There are 4 protein chains.
Amino acid sequence: MQSQPDAIVPEPDSAAASGDLIPNVLAERYATAGMAAIWSPRGKIRLERQLWLAVLKAQRDLGLAVGDEVIAAYERVLEDIDPASIQARERVTRHDVKARIEEFCHLAGHEHIHKGMTSRDLTENVEQLQVWRALEVVRRKSVATLARLIERVEADRDLPLTGRTHNVAAQLTTLGKRWAMFGDELLTAHRRLVQLIDGYRVRGLKGAVGTQMDALQLFDGDAAKVEQLEQRVLHHLGAPAGHGWTAVGQVYPRSHDFAVVSALCELASGPSNLAKTLRLMAGHELAGEGFAKGQVGSSAMPHKMNSRSCERINGFHAILKGHVTMASALAGDQWNEGDVSCSVVRRVVLPDAFLAIDGLLETGLVVLEQMEVFAGMIRREVDHYLPFLVTTRILMAAVGAGVGRELAHEVIKQQAVAAIRDWREGRSGDNDLLARLAGDERLGLSEPELGRLLEQGRGETGAAGRQIDSWIGQAREVIDADPAAGYRPGSIL
Amino acid sequence: MQSQPDAIVPEPDSAAASGDLIPNVLAERYATAGMAAIWSPRGKIRLERQLWLAVLKAQRDLGLAVGDEVIAAYERVLEDIDPASIQARERVTRHDVKARIEEFCHLAGHEHIHKGMTSRDLTENVEQLQVWRALEVVRRKSVATLARLIERVEADRDLPLTGRTHNVAAQLTTLGKRWAMFGDELLTAHRRLVQLIDGYRVRGLKGAVGTQMDALQLFDGDAAKVEQLEQRVLHHLGAPAGHGWTAVGQVYPRSHDFAVVSALCELASGPSNLAKTLRLMAGHELAGEGFAKGQVGSSAMPHKMNSRSCERINGFHAILKGHVTMASALAGDQWNEGDVSCSVVRRVVLPDAFLAIDGLLETGLVVLEQMEVFAGMIRREVDHYLPFLVTTRILMAAVGAGVGRELAHEVIKQQAVAAIRDWREGRSGDNDLLARLAGDERLGLSEPELGRLLEQGRGETGAAGRQIDSWIGQAREVIDADPAAGYRPGSIL
Amino acid sequence: MQSQPDAIVPEPDSAAASGDLIPNVLAERYATAGMAAIWSPRGKIRLERQLWLAVLKAQRDLGLAVGDEVIAAYERVLEDIDPASIQARERVTRHDVKARIEEFCHLAGHEHIHKGMTSRDLTENVEQLQVWRALEVVRRKSVATLARLIERVEADRDLPLTGRTHNVAAQLTTLGKRWAMFGDELLTAHRRLVQLIDGYRVRGLKGAVGTQMDALQLFDGDAAKVEQLEQRVLHHLGAPAGHGWTAVGQVYPRSHDFAVVSALCELASGPSNLAKTLRLMAGHELAGEGFAKGQVGSSAMPHKMNSRSCERINGFHAILKGHVTMASALAGDQWNEGDVSCSVVRRVVLPDAFLAIDGLLETGLVVLEQMEVFAGMIRREVDHYLPFLVTTRILMAAVGAGVGRELAHEVIKQQAVAAIRDWREGRSGDNDLLARLAGDERLGLSEPELGRLLEQGRGETGAAGRQIDSWIGQAREVIDADPAAGYRPGSIL
Amino acid sequence: MQSQPDAIVPEPDSAAASGDLIPNVLAERYATAGMAAIWSPRGKIRLERQLWLAVLKAQRDLGLAVGDEVIAAYERVLEDIDPASIQARERVTRHDVKARIEEFCHLAGHEHIHKGMTSRDLTENVEQLQVWRALEVVRRKSVATLARLIERVEADRDLPLTGRTHNVAAQLTTLGKRWAMFGDELLTAHRRLVQLIDGYRVRGLKGAVGTQMDALQLFDGDAAKVEQLEQRVLHHLGAPAGHGWTAVGQVYPRSHDFAVVSALCELASGPSNLAKTLRLMAGHELAGEGFAKGQVGSSAMPHKMNSRSCERINGFHAILKGHVTMASALAGDQWNEGDVSCSVVRRVVLPDAFLAIDGLLETGLVVLEQMEVFAGMIRREVDHYLPFLVTTRILMAAVGAGVGRELAHEVIKQQAVAAIRDWREGRSGDNDLLARLAGDERLGLSEPELGRLLEQGRGETGAAGRQIDSWIGQAREVIDADPAAGYRPGSIL
């Protein structure tokens with residue numbers, strides 16, 4: 001393309017200086033307030049100050065000389081959060097934690113926090129607290145999604161549907177079974193998410209290289225006090241005994257972040273499969289994701305009801321897969337006791353992965369509430385394909401009557417291919433497969449017999465109903481005692 | 001580059017025809033026989049035939065007319081495996097399962113297998129059996145790796161080491177603690193692997209779209225018999241009750257494959273971190289991965305002992321991360337009841353991910369057995385950096401003596417920076433930090449006091465020892481009852 | 001799942017020892033002989049020996065003492081390639097290049113090759129030669145794909161088709177335009193592939209750390225001779241002047257590999273989009289990928305003609321995306337002058353990425369030759385949706401007649417939504433949109449006017465034809481002088 | 001971890017409502033104002049309005065009835081940008097473009113924009129304009145980076161350095177050569193970036209499914225006018241003739257986005273390699289990235305000068321690799337004429353990839369300006385390793401004197417291994433390799449001869465100087481005529 005105006009000459013000033021703020025698009029457009037609050041800069045500063053105070057109080061209780069008025073002074077300014085002032089400090093020190101220490105101390109008029117701690121004693125624990133709270137939000141929305149899915153599965157339990165493999169008609173199933181299929185995937189991923197949460201491990205106060213030397217020096221080598229201090233902090237973080245890492249360096253192992261992001265990507269898969277299949281069904285007018293009140297479709301083609309929310313769900317999943325790549329890049333890349341080459345990556349991937357899964361689940365919940373099933377179209381489709389769908393039944397009947405499996409297969413295939421070609425090329429007005437099969441002596445089945453098989457086939461959906469009931473039972477075990485099952489999504493863009 | 005010889009004009013003939021076979025490089029060069037056997041084409045054909053026979057016997061037991069001589073005929077030719085003959089059939093039918101049915105039936109002289117089944121009833125279950133067996137091999141090698149790590153941690157428990165953050169000297173730790181750090185990561189990933197295995201779900205016999213209609217027709221709609229048939233098959237696969245998928249389509253959800261591959265990538269992270277850090281240590285001649293008997297180093301620089309095995313471990317991890325991307329591409333991409341767009345991907349990613357982790361763990365075990373620790377060099381390094389490493393202690397002492405934390409920090413930083421610059425520029429012959437600090441009145445510490453702090457600091461490795469003992473205790477719980485802990489690796493390339 | 005049989009206890013022996021070889025599945029099942037020959041182990045050994053000989057002859061010509069009988073002795077055994085013997089040597093030396101030097105020298109009875117060279121002087125150049133030849137194969141198949149696409153675009157140039165956005169009917173286009181859309185994508189990627197080939201840079205003979213010190217020592221510091229030696233080698237590799245890297249270390253930058261793999265992934269996108277859309281069209285029976293002679297469909301549903309080749313194309317693309325991740329992991333991860341942490345990754349990703357794109361293009365060529373268009377179905381679909389498809393025309397007409405754009409949009413949307421709902425719920429037998437619009441006074445258009453708009457709309461496909469002709473013109477420039485345009489694929493599995 | 005407080009119960013309200021804004025962290029902390037301005041929401045709205053006006057004026061010039069006062073009315077409110085008001089509209093319509101049309105029309109008091117256009121006619125072109133401008137910024141910073149690298153290469157052209165492979169000492173090189181190595185990689189990637197920019201193709205005005213039907217209807221089927229309209233728009237976008245896509249659907253092919261993001265990842269590789277190697281060198285105190293004025297190091301270890309900027313560069317690269325995965329997910333996933341499943345992904349990946357590369361290059365420029373070389377340490381290292389580094393020279397001398405290459409290799413290896421072991425284990429005080437070799441009769445070289453070889457080897461850096469000069473010459477061709485070479489970075493966090 002052509003050479004560009006001089007205005008494009010790069011300006012070295014920082015973005016923040018321009019006043020033309022770029023918001024995090026996932027937070028601004030898609031995530032909920034609940035999730036965004038966990039990851040907001042103000043929120044993180046609050047969590048950090050709370051952690052410093054928890055440490056300070058524990059240090060006092062364990063015998064360090066910290067006046068109550070000092071603690072009170074810090075507590076008084078806890079909510080006095082001014083990110084701009086902190087960033088101004090950071091522009092001088094080039095050290096984000098240092099800047100936040102200075103700001104908090106300046107406000108409180110004391111220099112008592114962060115004793116016996118290193119930067120990572122602060123940041124690792126606060127970030128893990130964010131992850132843990134965000135995991136809990138995800139878990140609850142996953143429960144709610146299961147609850148909504150159960151409702152849909154129940155509603156469509158017995159509606160016969162043309163099951164498709166390779167995207168073409170294959171055998172009858174039910175619409176409820178189709179939803180249950182994605183529900184079973186979600187249920188499995190949900191269980192794994194719960195296992196992840198249950199096994200989540202927090203770094204704790206470990207010092208610069210993980211040996212707790214700084215804290216030990218602070219307490220004159222009293223290991224018991226250091227142990228108690230760390231337990232107090234873990235308790236503050238909500239981690240029960242046994243959920244701290246035992247032997248870490250400056251950082252906790254980044255494969256733990258990878259496990260978290262992978263679990264989100266796995267959890268997204270059921271809803272994403274449902275969304276993709278709903279997009280396919282919309283193409284056949286069998287179902288649609290519905291419209292919100294006031295929603296406008298394509299400006300040029302007003303009749304169109306686009307699967308924009310379902311497309312967005314698939315888009316969120318693509319984003320999460322990129323986050324998996326980012327998180328995987330950090331795993332296995334620790335040098336000695338650690339460094340901050342992971343820092344900028346985690347600043348992006350941890351919030352964004354949770355904001356993306358939050359947007360995905362929220363959008364999925366809206367789709368589950370608004371979606372429409374076009375039963376008339378589903379019936380038309382079954383009527384059209386039924387002769388093909390019962391060919392397995394016809395094959396079995398022929399085999400039962402003594403015809404070799406391979407021969408029967410060959411006859412049915414020949415006739416089916418011929419019937420479908422004539423129809424596709426306009427040589428037949430409708431599906432005439434049954435008549436063709438009746439006329440083929442090799443199969444040995446009469447037209448009345450074939451008609452009977454067709455009628456038996458109509459509505460024959462195998463074990464679909466039993467499978468549905470079994471799945472609902474399993475899913476209910478997860479949701480029944482959980483108030484999150486009642487969660488309803490807000491409005492989405 | 002230049003135009004190329006005519007020999008490069010593409011030839012459309014298939015590779016197999018050329019006789020110039022390309023082996024799977026991971027299997028040929030790196031994986032063990034035990035893992036390769038699970039994924040060999042012959043092995044897979046055997047597993048398929050065993051599954052067909054298990055189904056056939058179950059069908060007979062449940063009342064279908066299958067003569068014992070039929071079963072005997074199939075059993076007789078079970079091991080009569082000729083991949084070339086099968087591939088010749090596939091080149092006609094363009095259907096791999098069909099080709100294998102034809103071959104097995106032709107050999108047995110009967111047409112009784114695969115009744116009431118579709119292709120996926122065969123392939124999904126056999127592939128899951130391969131995955132499950134391979135997971136078990138990985139689990140056992142992970143146990144062995146933990147066992148070897150415990151030995152190393154114990155051997156180096158008390159050797160003081162210059163801990164590094166940002167790749168520069170930070171504080172003392174111990175070499176045992178460094179290994180334990182990677183051990184704690186592996187232990188956590190190991191527990192998650194075990195959870196994955198425990199929660200692994202098998203598809204079972206579900207028919208073309210998941211409704212078991214084919215099997216139901218075979219048994220005249222007798223749901224109980226179909227249920228028993230599937231239980232028999234699950235038992236054959238080694239899956240206890242409750243480990244079958246409830247509501248699937250033609251395929252089981254591909255997020256289950258993603259979970260498997262992710263778990264392998266997570267498990268690789270501890271060994272990969274150890275390998276990367278060992279490469280760094282080799283650069284400082286603190287440790288090396290050792291040489292096997294007869295091994296040749298760089299041809300031009302014979303004194304070099306390259307960390308080629310450790311580099312390879314990191315390479316395996318990079319491969320696994322690519323496999324994670326491949327597996328993630330399949331998750332959330334199911335159309336309706338499924339298709340085979342995943343087929344070629346799974347043919348690559350399932351074997352290759354397991355062959356890669358097998359090579360990684362095997363190489364890691366060799367490294368753990370052969371590695372060398374150069375204690376002399378480690379001591380030299382500690383001596384050199386000790387004055388810097390005790391600055392935290394000096395800072396605390398100054399703070400304890402009433403100097404403000406920020407001021408003390410500033411003084412130490414100034415003097416440390418000056419000392420290190422003079423040394424780096426050749427202006428000082430050795431590390432003269434202590435003398436400088438003694439001469440700075442702001443700090444208020446005398447040379448003898450500083451000397452005492454230095455001596456206290458030598459060998460002061462904080463909680464490293466306690467953390468090590470605690471980690472060993474946890475790791476022993478995993479390995480103690482497990483015979484796999486005794487596994488020793490073979491020789492590697 | 002349950003505890004497993006003892007047979008699963010890992011066996012440490014190498015896979016190769018088991019005799020149960022696992023072939024490279026991409027080479028065995030999908031790639032062509034032409035591509036596989038480039039990457040076969042035997043082929044690589046031959047290329048290496050040819051390079052050694054080229055170096056040896058150049059060294060002789062530049063004055064080193066190398067007897068002609070020595071060269072003759074090496075030439076005599078050039079084709080005496082025994083991978084098993086070489087691997088046996090490697091199992092002792094743990095050094096692959098060393099093993100291959102020993103084998104070649106043992107066969108020739110001399111020790112004269114590899115003088116003044118290091119391992120990477122051999123392997124980097126040979127691997128780049130493989131890459132370059134493979135790129136040329138890909139380029140030619142890309143030309144052939146463009147040629148076949150032109151034929152399809154011409155054949156379907158004027159067939160009106162219901163264009164779909166969001167997978168639902170939007171406006172008319174033509175089938176030829178749809179193919180051209182994917183053709184334009186391929187053409188753009190093709191041009192970028194050619195640029196990549198034209199700018200491909202070869203490492204040359206640079207020695208252990210890139211300074212050519214070994215070669216300089218061999219020629220007593222005669223820089224001119226070393227320069228000539230390298231030019232001779234570059235000429236042997238087919239690289240014209242200016243295509244060598246200038247300043248490399250032990251290895252050439254791995255971002256060059258990333259560029260190659262990315263280009264393959266980009267090139268795959270047009271065919272992959274075509275395949276995905278063909279899978280969607282098959283679901284509406286508008287087109288199909290066709291059957292090869294003798295091909296067998298689904299065993300249970302013989303009438304089905306599955307888009308298995310198109311699904312496979314999408315699968316290949318997923319594999320390539322994983323290869324992009326693998327290659328990206330190597331970029332920016334060079335330590336100092338280099339190491340071999342990339343080795344195992346490149347052993348996998350370089351062959352496999354080319355084998356995958358080869359399979360993808362070959363499969364795509366088969367689809368382009370075999371695919372079927374069901375014109376009768378395409379006509380039926382247009383008839384059904386036409387009233388909706390002309391709503392833009394109706395909107396413009398209303399706006400032209402003075403109705404506000406937003407109002408007209410609102411009216412049409414209302415009526416369209418109502419018409420489609422009634423139809424979907426079975427309340428109307430057919431699409432009655434035109435009658436509804438005629439009855440809505442706000443729009444001010446009579447039924448005859450609307451009918452006229454409908455007839456004008458039938459076959460109105462905008463600039464589709466002109467765009468097609470323009471694209472064909474551009475694509476012909478690429479293919480016209482190129483004999484590769486005539487390439488026809490072999491048979492595929 | 002434990003059950004969590006009720007405050008974690010998800011709140012369905014949107015994040016925007018909470019007032020607790022989350023900024024885009026890459027824009028806020030790392031990118032420059034110049035790059036951020038391209039991607040700011042306000043900036044994008046401005047670009048859209050400018051495009052609408054360009055279309056409107058062209059339509060007027062081509063004969064459509066558009067009053068000049070209408071155009072003036074729109075122009076008057078062009079800068080009246082209120083994202084909140086637009087978002088409020090979007091919350092009703094659920095259609096972002098619709099909301100922006102309404103806002104602009106409401107402000108202007110007319111309904112004349114967007115005629116004959118669909119949403120994508122607006123958004124695709126504006127987004128491509130953003131991409132193109134951002135590519136130009138990247139190109140200029142890449143030029144500046146090359147300019148700074150030339151300066152460094154020249155400064156360190158002749159400083160002998162211990163070249164390392166496998167992270168251990170291998171042969172001498174020069175520090176300038178090491179930088180040039182990464183410069184050559186950047187230069188190659190830079191050329192490919194320029195090719196990408198030169199071949200970048202813009203979608204233009206193609207209508208809902210790509211056939212330009214809407215525009216044709218607006219001009220009563222006058223194809224010439226539609227062609228002129230599109231040319232006017234391409235000119236407005238800065239795209240010369242031949243840079244428009246020929247045959248697209250609703251969207252341009254997403255492989256074009258993949259090409260862009262891949263090119264950024266490739267471009268990042270040279271700087272990322274330099275950063276990684278500088279981190280390694282810092283570990284040996286050979287060089288450091290320097291400190292900015294006022295910068296604070298580790299709070300607990302004030303003497304530490306951490307490679308935080310270099311670590312951050314590597315972090316940016318990891319992010320970009322994740323973006324490559326995201327972009328690759330969109331390539332080959334177009335359904336028919338297109339949809340918006342790519343929308344949310346592109347909202348993330350396009351800005352973020354450019355913000356990341358901007359931060360990476362800016363940080364790289366700062367490192368190139370601030371970095372320090374510790375020549376004293378580099379000399380010490382050379383002195384220590386020299387006996388090992390000249391072993392190739394010794395090998396050649398021995399071979400020259402008639403000793404077999406393999407034997408000489410074996411002798412040197414034996415003695416080198418022994419010397420290094422004794423030193424590592426503290427049995428020798430210094431490197432005594434030369435004395436050992438002199439004492440080994442098999443080699444036939446006396447101590448004086450060996451000493452001479454050592455002195456010859458000191459400063460022998462092969463072709464490093466010539467390679468450097470050659471590279472500088474090539475790099476100068478790129479930067480010489482370009483004012484961007486003078487660009488200096490601003491301050492970074």
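Source: prediction; values computed, not measured. The sequence lines fix the lettering, A, B, ..., with proteins before strands; numbering per chain opens at 1. Quick note: numbers below take in every heavy atom, side chains included, and nothing from hydrogens, waters or symmetry partners.
With chain C as partner, the option from A:His284, A:Arg427, A:Arg279 having the largest number of non-hydrogen pairs under 4.5 angstrom is A:His284. Counting heavy-atom pairs closer than 4.5 Å to chain C, the top residue among A:Arg421, A:Glu425, A:Gln415 is A:Arg421.
A distance of 4.5 Å separates CD of C:Glu285 from CD1 of A:Ile420, quoted to the nearest 0.5 Å. The structure places CG of A:Asn306 at 5.5 Å from OG1 of C:Thr165, a figure rounded to the nearest 0.5 Å. A distance of 10.5 Å separates CG in C:Leu278 from CG in A:Asn167, rounded to the nearest 0.5 Å. Rounding to the nearest 0.5 angstrom, the gap separating the NE2 atom in A:His166 from the CD atom in C:Glu311 is 5.5 Å.
Close approach to chain A, defined as a heavy atom under 4.5 Å from one of its heavy atoms, is seen in C:Glu372, C:Phe374, C:Gly376, C:Met377, C:Arg380 of residues 372-380 of chain C, taken by number.
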